[in-house]
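What you see below is based on every heavy atom in this structure, not just the backbone, and it leaves out hydrogens, waters and symmetry mates.
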Amino acid sequence: MLIVLDNFLDTDSNLYRELSQDSLWETPPRNSWIDRDQSPTNVWESLVEKIWTHSSSLLPGQFDGMEYWGDQLSPDHRRDIPWHQDKDEFKYYFAKITGTVTPYIGSLYYAHHEVPKGGFLQIRRGDDEEDIHNFERIQPFPNRLVLFDSSSWHCVTPVTEGTRRHLASNIWIKKPMEQNFNPEGFDLSDY
């Protein structure tokens with residue numbers, strides 16, 4: 001499943017104006033959680049709520065909530081994101097639980113001002129991990145929303161010029177382990 005929606009936010013809206021502020025992106029959110037019925041407490045959660053209210057026909061009848069995080073890529077800082085699947089990272093890396101626990105569906109919203117050079121989202125088609133040439137490629141246009149199966153292998157190509165800003169969010173049927181959202185409070189040496 002792949003859906004690309006351009007001009008997702010009304011450019012005259014307060015939400016769009018807030019998300020366009022460079023200062024907001026100096027510290028994008030790290031892995032955060034909002035329960036399904038929780039009211040937004042910040043601009044990030046307001047965007048997550050808007051995305052999933054708009055896309056409600058894609059959602060399961062029951063789910064615990066939404067995970068979200070932001071990132072900014074540029075030639076001077078982090079340039080790319082390697083191939084990966086969105087998953088319950090704590091279970092996968094530390095708890096050594098067999099199998100990968102993945103979200104139901106994911107999204108990316110692009111909040112930069114100009115189209116950067118590079119920074120393409122690439123989503124692998126099919127299950128063949130060896131076939132590195134079989135993928136969808138989406139350009140990160142400003143104010144674009146991408147809805148996709150975030151359990152599929154995906155990556156972001158290097159940004160060679162400009163800045164790429166995005167807010168990612170995932171719908172989870174069952175909330176991932178709390179350690180994904182508060183890793184500082186846990187002793188990982190036990191795992």
Next item on the list: Could you walk me through whether Arg164 and Asp80 pass salt bridge (Lys or Arg N to Asp or Glu O under 4.0 Å), step by step?
Entry: CA-CA 10 Å; Arg164 179 190 189 271; Asp80 62 4; over 6 Å; no
Notebook entry, point to check: Just checking, Arg144 and Tyr110: is the charged tip under 6.0 Å from the six-membered ring centre and within 45° of the axis?
Noted result: no
Check: Once you round to the nearest 0.5 Å, how far does CD of Gln139 lie from CZ of Phe120?
Finding: 4.5 Å
Margin query: With no hydrogens and no angle check, just 3.5 Å: does a side-chain donor-acceptor pair link Asn143 and Asp6?
Written below: no
Notebook entry, point to check: Is the closest side-chain heavy-atom distance between Ile81 and His84 below 4.5 Å?
Noted result: yes
Item checked: Sub-4.5 Å side-chain heavy-atom contact between Arg125 and Phe135 -> no
Notebook entry, point to check: Could you state the interatomic distance from CZ (Phe8) to CG (Leu15), rounded to the nearest 0.5 Å?
Noted result: 8.5 Å
Next item on the list: Evaluate the criterion ring-ring contact (aromatic ring centres under 6.0 Å, His included) for residue pair His166 and Tyr109; output intermediate values, then yes/no.
Entry: CA-CA 5 Å; His166 69 266; Tyr109 173 77; over 10 Å; no
Margin query: Could you measure the distance from the CE atom of Met1 to the CG atom of Leu58? Nearest 0.5 Å is fine.
Written below: 5.5 Å
Next item on the list: Taking all non-hydrogen atoms of both residues into account, name the closest pair between Val48 and Tyr68 and its distance.
Entry: CG2-CB, 3.6 Å
Next item on the list: Kindly indicate whether the side chain of Glu45, heavy atoms from C-beta on, has any atom under 4.5 Å from the side chain of Gln38.
Entry: yes
Next item on the list: Check the pair Trp172, Val101 against side-chain contact (heavy atoms from CB on, under 4.5 Å), reporting the backbone distance first and the verdict last.
Entry: CA-CA 10 Å; Trp172 285 87; Val101 179; 3.9 Å; yes
Check: Pro82 and Cys155: which non-hydrogen atoms are nearest, and at how many Å?
Finding: C-CB, 3.6 Å
Next item on the list: Would you name the heavy atoms of Gly118 and Thr157 that are closest together and state the gap between them?
Entry: C-OG1, 3.9 Å
Next item on the list: Taking all non-hydrogen atoms of both residues into account, name the closest pair between Asp86 and Thr102 and its distance.
Entry: O-CG2, 3.5 Å
Notebook entry, point to check: Among pairs that include at least one residue of residues 101-114, which meet salt bridge (Lys or Arg N to Asp or Glu O under 4.0 Å), considering only residues two or more places apart or in two chains?
Noted result: none
Item checked: Lys/Arg-Asp/Glu bridge criterion (N-O < 4.0 Å) met for Lys174, Asp64 -> no
Next item on the list: Return yes when atom NZ of Lys50 has more than 12 non-hydrogen atoms of other residues, nucleotides or ligands closer than 6.0 Å, and no otherwise.
Entry: no
Note to self: For a 4.5 angstrom cut-off between non-hydrogen side-chain atoms, does Ser32 reach Trp69?
What the structure shows: no
Margin query: For His112, give me all partners under side chain to side chain donor-acceptor pair (under 3.5 Å), at least two apart in sequence or on another chain.
Written below: none
Notebook entry, point to check: Are side-chain heavy atoms of Asp22 and His113 found at a separation under 4.5 Å?
Noted result: yes
Next item on the list: For the residue pair Phe148 and Leu108, establish whether any side-chain heavy-atom pair is separated by less than 4.5 Å.
Entry: yes
Item checked: Euclidean distance, Ser55 OG relative to Ile171 CD1, rounded to 0.5 Å -> 8.5 Å
Margin query: Using every non-hydrogen atom in the two residues, find where Val159 and Ser74 come nearest and quote the distance to one decimal.
Written below: CG1-CA, 4.0 Å
Next item on the list: Please answer: with hydrophobic residues joined when any side-chain heavy atoms are less than 4.5 Å apart, are Ile123 and Leu145 in the same cluster?
Entry: no
Item checked: Trp33 and Phe181 aromatic ring geometry - parallel, tilted or perpendicular at 30°/60° bounds -> tilted
Note to self: Just verifying a value: how many Å separate Trp44 CH2 and Ile34 CD1, rounded to the nearest 0.5 Å?
What the structure shows: 14.0 Å
Item checked: Straight-line distance of Lys175 NZ to Glu67 CD, nearest 0.5 Å -> 10.5 Å
Notebook entry, point to check: Can you name the nearest heavy-atom pair linking Pro60 to Tyr104, along with the distance?
Noted result: CD-CE2, 3.3 Å
Check: Are any non-hydrogen side-chain atoms of Ser20 and Arg17 less than 4.5 angstrom apart?
Finding: no
Notebook entry, point to check: Is any side-chain heavy atom of Arg124 closer than 4.5 Å to a side-chain heavy atom of Ser152?
Noted result: no
Check: Is Asp71 salt-bridged to Arg78, cutoff N-O under 4.0 Å?
Finding: yes
